[in-house]
Enquirer: 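Here it is: the structure, laid out below.
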Amino acid sequence: MHKAPRGTFDILPPEHAYWKYVEEKATSLCQLYGYQPLSTPIFEDAQLFTKTVAGGTDIVDKEMYIFEDKSGQELALRAELTAPVCRAYLEHGLFNLAQPVKLYYIGPAFRYERPQFGRYRQHHQFGFEALGEADPALDAEVIEMSRQFFYSLGLSRFSIQLNSIGCKLCRPGYLEVLRQHYSSYTDHLCPDCKARLVKNPLRLLDCKKTSCQKIAKTAPKIPDYLCPECQLHFQSVQKYLGAMSIPFQLNHRLVRGLDYYTRTVFEVEPREKRGQSTLGGGGRYDNLIESLGGKPTPAVGFAAGLERIILNLKNRKLDIPALPKPDAFIAYLEEEAKIEAMKIASELRKAGIAVIIATGDKSLRGQMRQANSLGSAYALILGEQEISNQNIILRDMRTGEQKPIPLAEIARMLKQGQK
RNA sequence: GUGAGCGUAGCCCAGUGGUUAAGGCGCCAGGUUGUGGCCCUGGAGAUCGUGGGUUCAAAUCCCACCGUUCACCCCA
C-alpha cells in the first residue's frame with residue numbers, strides 16, 4: 001500500500017472547510033490592502049535559493065529538495081516564496097510599474113526536515129510582499145495587515161515581536177561585538193551555540209538552554225549598534241504602529257532564519273505556545289533583489305503557515321463555515337423514472353442548482369438515507385404516478401414536508417429554496 | 001542529524017502468553033412491497049505495521065526495519 005510521503009498529507013473534504021476559510025480571508029484581506037495575486041512555479045533554479053537564502057542556514061545546507069532534470073539543469077522545490085516573487089518581479093520588469101508593487105501568494109513550499117507538531121515537509125504559505133519602496137510606513141502597514149489577517153480569522157491571542165537587525169553597513173560591526181562578547185564564554189556554551197558562534201551568530205541570542213541564556217542576557221543589543229539611518233527607520237516604524245494603535249513587543253533577541261532580512265523583522269507568536277508555534281513572520285529585505293541581479297530595490301513582506309493557522313483555529317474551537325451541501329437529491333423508482341430523473345438532473349444543473357442523483361438502483365429507503373447523509377436540503381422523488389401526472393415530489397429534508405410540484409416549476413421552486 | 005513515546009477494521013479503541021481478536025462510530029441491508037434522521041435486527045470489514053527470534057502456544061516477550069507522534073536543531 002502506498003502512503004503519502006513522510007511529512008506530507010492529504011487534505012480530505014471535511015478538512016477543506018478550514019482551508020477554504022483561511023484562503024478566502026487571505027484573498028479578501030489582500031483585496032482590501034491593494035495586493036494582487038502572483039503564482040510562481042513549484043520548482044525553480046536551485047541557485048535562486050542557494051544565492052539568496054544563503055549558505056550557513058539550514059534551509060539551504062540540509063533542507064532543500066534539489067534534483068537534476070534530464071538536461072542536467074539543477075532545480076529545487078521552492079523552500080520559500082519571497083525569492084521566487086522577486087525573481088518574477090525582475091523577469092517581468094515589474095520595476096517599471098508604479099512602485100511599490102504589491103503582490104500576494106498562497107501555495108506549497110518544501111523543506112526536508114523531521115516532521116513534528118506544526119512542521120511538515122510540504123507546507124503551505126500565504127504571504128504578501130511590497131516591492132520597490134523603502135518607506136518605514138510600509139513596514140508598519142505590513143505589520144498592521146498581518147495583525148488584521150489573524151483578527152479576521154478570529155485569532156486574537158498572539159503578540160507581535162519586533163526588532164531591527166540593521167543593514168549591511170551596521171550589522172557587521174554588531175556581529176563583531178557579539179562575537180567578542182561570546183568568545184570569552186566559549187567553555188560555557190552548549191555544542192549548538194559553539195556552532196552558531198561561527199555559523200550564525202545572531203542565533204546565539206535565542207538559545208533555549210538556561211546556561212546560554214545567561215550569556216545572551218548580558219550580550220550587546222543590536223538596537224544599540226544600528227547606524228543612524230537604520231535607527232531612524234526603526235523609530236519611524238514604531239511611531240506609525242503607535243499611530244495605528246498596533247501593540248507590539250520590542251524583542252532585541254528576535255532574529256529571522258533567512259539571511260536576506262535587513263532592518264525590520266517581526267514575528268507573530270501565539271500566547272499558548274507549543275512546539276513550532278510561530279504563526280508567521282516577515283520583515284524588510286532591501287538587498288535581496290539586488291543580489292538577484294536587479295537594481296538596488298527595497299522591499300518588505302510577510303508570510304504565514306496555513307497548517308499552523310488551522311491548528312490554532314481548531315485549538316480555539318472556532319466555528320468554521322461548512323462546505324456547501326447539495327440543493328437537491330433525486331430519488332426514483334424503476335428504470336422509466338430513472339431515465340426521466342437523469343433528464344431532470346441535467347436541466348436543474350443548467351439552472352444552477354446543485355443536484356445529486358441516486359445511483360446503483362437502491363431501494364427508495366436506501367436512496368433517502370443517502371440524501372440524508374449528503375445533507376441535501378431537498379429530496380425529489382419520481383415514480384410512475386408522478387411521471388403520468390407530469391410532476392415530482394419535493395420533500396423538504398429539514399421539516400419533512402412534501403408535496404407534488406409540476407415538473408415545469410421545479411427549477412423555480414428550488415431556486416427560491418436556495419436563498 | 002539527535003533523543004523519547006506509540007503502531008489492533010475507514011475512524012476511536014478493549015485485549016500484556018492459551019478457544020472463532022471484543023466494543024463504539026461510520027458503511028451496507030432489513031424491520032416500512034413508494035420515503036431519510038430516532039429505535040431495533042442482521043451483515044460486510046483486521047495478513048493485530050513488516051521481517052526475524054523465544055515458546056508446546058505470541059496482538060501480548062525480545063531484536064531489527066518501516067511508519068507515526070513529540071522534543072532538540074531549524075523554521076511557517
Side-chain angles (χ1 to χ4, degrees), chain A residues 1-9 12 14 22 53 56-64 78-82 106-127 146 190-193 195-196 199-200 203 206-209 255-259 267-270 274-282 301-312 329-334 337 358 360 362-387 392-402 404:
Chain A
M1 270 276 267
H2 290 288
K3 287 184 182 170
R6 181 157 207 211
T8 70
F9 53 90
L12 296 170
V22 176
V53 179
T57 64
D58 279 1
I59 291 183
V60 165
D61 290 351
K62 7 185 260 210
E63 297 177 2
M64 289 247 292
R78 61 190 188 193
E80 53 99 40
L81 280 95
T82 302
I106 299 175
F110 305 85
R111 291 175 200 171
Y112 185 86
E113 303 176 87
R114 283 278 281 265
Q116 67 184 70
F117 184 79
R119 190 173 77 184
Y120 308 91
R121 289 185 174 178
Q122 173 175 335
H123 74 283
H124 297 76
Q125 290 193 3
F126 160 55
S146 308
C190 70
D192 287 327
C193 278
R196 286 192 265 245
K199 230 175 70 176
N200 197 351
R203 281 262 156 230
D206 64 358
C207 182
K208 287 169 193 160
K209 301 242 166 38
V255 295
R256 303 235 59 222
L258 307 176
D259 229 35
E267 278 187 9
V268 177
E269 277 296 327
R274 188 189 164 193
Q276 313 301 311
S277 56
T278 304
L279 282 167
F302 168 81
L306 299 196
E307 286 81 359
R308 290 183 189 177
I309 289 170
I310 289 169
L311 286 170
N312 271 270
F329 180 92
I330 305 188
Y332 52 80
L333 295 127
E334 310 305 328
K362 285 194 260 282
S363 68
L364 185 57
R365 176 184 165 89
Q367 295 179 66
M368 293 303 288
R369 276 186 176 159
Q370 197 184 348
N372 184 60
S373 72
L374 290 169
S376 180
Y378 294 93
L380 301 175
I381 302 162
L382 194 66
E384 261 180 285
Q385 281 174 37
E386 288 72 30
I387 290 176
I392 191 163
I393 292 170
L394 176 69
R395 180 180 177 88
D396 184 324
M397 291 296 282
R398 202 172 49 80
T399 63
E401 285 168 30
Q402 66 178 48

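By convention in this document, chain letters (A, B, ...) are assigned in the order of the sequence lines, proteins followed by strands, and residues within each chain are numbered from 1. Side chains included, hydrogens not; waters and symmetry mates left out as well; all remaining heavy atoms used. Given the structure is predicted, the values throughout are model-derived calculations rather than measurements.
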Enquirer: Glu63(A) has an atom CD; how far is it from atom C1' of G1(B), in whole Å?
Expert: 11 Å
Enquirer: To the nearest 0.5 angstrom, please state how far the CD atom of Gln122(A) sits from the CD atom of Glu307(A).
Expert: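 Nearest 0.5 Å value for the CD-CD distance: 8.0 Å.
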Enquirer: Please answer whether the main-chain N or O of Ala358(A) pairs with a side-chain N or O of Gln367(A) as donor and acceptor at a distance below 3.5 Å.
Expert: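 Side chain of Gln367(A) to backbone of Ala358(A), a donor-acceptor pair under 3.5 Å: no, none is there.
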Enquirer: Report the nucleotide, chosen from A29(B), U35(B), C72(B), that has the shortest atom-to-atom distance to any side-chain atom of Gln402(A).
Expert: U35(B)
Enquirer: I'd like the C1' distance from G5(B) over to C74(B), given in whole Å.
Expert: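 The same atom, C1', in both gives a distance of 22 Å.
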Enquirer: How far, in whole Å, is G43(B) from C11(B) if one measures between their P atoms?
Expert: 23 Å
Enquirer: Would you indicate whether the side-chain heavy atoms of Thr278(A) and Glu269(A) approach each other to under 4.5 Å?
Expert: yes
Enquirer: Is there, by distance only and without an angle test, a donor paired with an acceptor across the side chain of Glu113(A) and the base of A76(B) below 3.5 Å?
Expert: yes
Enquirer: Between A46(B) and G15(B), how far is it from one C1' atom to the other, in whole Å?
Expert: 14 Å
Enquirer: Is Arg365(A) side chain donor-acceptor paired with the G34(B) base, going by distance under 3.5 Å alone?
Expert: no
Enquirer: Is His123(A) stacked on the base of A76(B) when the test is centres under 5.5 angstrom and planes under 30 degrees?
Expert: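 A stacking contact exists, since His123(A) sits close and nearly parallel to the base ring of A76(B).
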Enquirer: Confirm from the modelled atom types if Glu384(A) and G34(B) form a donor-acceptor pair under 3.5 Å, side chain to base only.
Expert: no
Enquirer: Just by protein heavy atoms under 4.0 Å, how would nucleotides 5-10 of chain B read 5' to 3' in B, S and -?
Expert: ------
Enquirer: Does Arg308(A) contact C75(B) through a side-chain donor or acceptor facing the base, at a distance under 3.5 Å?
Expert: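 Such a pair exists between side chain and base.
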Enquirer: Roughly how many Å apart are U8(B) and U60(B), using the P atom of each and rounding to a whole number?
Expert: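 U60(B) and U8(B) have their P atoms separated by 13 Å.
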Enquirer: Please report the distance separating the C1' of C25(B) from the corresponding atom of C61(B), rounded so that it comes out in whole Å.
Expert: 33 Å
Enquirer: What's the closest nucleotide to the Phe117(A) side chain, out of C73(B), U35(B), A71(B)?
Expert: A71(B)
Enquirer: Of the options A76(B), C74(B), G36(B), whose atoms approach the side-chain atoms of Gln125(A) most closely?
Expert: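 Minimum distance to the Gln125(A) side chain belongs to A76(B).
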Enquirer: Quick test of your reading of the model: are Glu80(A) and Arg111(A) salt-bridged, counting only N-O distances below 4.0 Å?
Expert: no
Enquirer: Tell me the interatomic distance from Ile310(A), atom CD1, to A76(B), atom P, rounded to whole angstroms.
Expert: 18 Å
Enquirer: Using Watson-Crick or G-U wobble geometry with both distances under 3.5 Å, which nucleotide pairs with A21(B)?
Expert: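 Pairing partner, where one exists within any strand: none, as none qualifies.
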Enquirer: Who pairs with Arg121(A) by salt bridge (Lys or Arg N to Asp or Glu O under 4.0 Å), at least two apart in sequence or on another chain?
Expert: none
Enquirer: Without decimals, in angstroms, what is the distance between Ile392(A) CD1 and G34(B) P?
Expert: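 Atom-to-atom, Ile392(A) to G34(B), this comes out as 17 Å.
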Enquirer: Quick one: is C70(B) close enough that its OP1 or OP2 comes under 4.0 Å of any side-chain N or O from Gln116(A)?
Expert: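 For C70(B), OP1/OP2 do not have a side-chain N/O of Gln116(A) under 4.0 Å.
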Enquirer: Report the distance from atom CG of Leu364(A) to atom C1' of U32(B), rounded to the nearest whole Å.
Expert: 11 Å
Enquirer: From NZ of Lys362(A) over to P of G36(B), roughly how many Å is that when rounded to an integer?
Expert: 15 Å
Enquirer: Under 3.5 Å for both donor-acceptor distances, Watson-Crick or wobble: does C75(B) have a partner, and if so which one?
Expert: none
Enquirer: Whole-Å distance between G1(B) P and Met64(A) CE?
Expert: 18 Å
Enquirer: Sub-3.5 Å donor-acceptor pair from the side chain of Arg119(A) to the main-chain atoms of Arg114(A), do we have one?
Expert: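 Such a contact is found between Arg119(A) side chain and Arg114(A) backbone.
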Enquirer: Using both distances under 3.5 Å as the test, list the Watson-Crick or G-U wobble partner of G3(B), or none.
Expert: C70(B)
Enquirer: Under 4.0 Å from OP1 or OP2 of G30(B): is there any side-chain N or O of Ser363(A) that close?
Expert: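 Affirmative; the distance criterion is met.
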Enquirer: Would you indicate which nucleotide in G37(B), G1(B), A76(B) comes nearest to any side-chain atom of Arg369(A)?
Expert: G37(B)
Enquirer: Given that both distances must come in under 3.5 Å, which nucleotide forms a Watson-Crick or G-U wobble pair with G42(B)?
Expert: C28(B)
Enquirer: Measure from CG on Leu12(A) to C1' on C11(B) and round the result to the nearest Å.
Expert: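 Leu12(A) atom CG is separated from C11(B) atom C1' by 12 Å.
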Enquirer: What's the gap between C28(B) and G36(B) when it is taken at their P atoms, as a whole Å value?
Expert: 14 Å
Enquirer: Measure the CE-CZ distance between Met368(A) and Phe329(A) for me, rounded to the nearest 0.5 Å.
Expert: 8.5 Å
Enquirer: Report yes if the side chains of Ile381(A) and Ile392(A) come closer than 4.5 Å at any heavy-atom pair, otherwise no.
Expert: no
Enquirer: Just how far, in rounded Å, is C1' of G1(B) from CZ of Arg121(A)?
Expert: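 Computing the Arg121(A):CZ to G1(B):C1' distance gives 12 Å.
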Enquirer: Quick one: is C70(B) close enough that its OP1 or OP2 comes under 4.0 Å of any side-chain N or O from Arg119(A)?
Expert: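 False: Arg119(A) side-chain N/O out of range (4.0 Å or more) of C70(B) OP1/OP2.
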Enquirer: With P as the reference atom in both, quote the distance from G18(B) to G10(B) in angstrom, rounded to an integer.
Expert: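 Comparing P positions in G18(B) and G10(B) gives a spacing of 26 Å.
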Enquirer: Please report whether the ring centroid of Tyr120(A) lies less than 6.0 Å from that of Phe9(A).
Expert: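 Yes.
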Enquirer: Checking Phe302(A) now: which residues fulfil ring pair (Phe, Tyr, Trp, His ring centres under 6.0 Å) with it, not counting sequence neighbours?
Expert: Phe128(A), Phe266(A)
Enquirer: Which whole number of Å gives the distance between the P atom of U54(B) and that of C62(B)?
Expert: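 That atom pair is separated by 15 Å.
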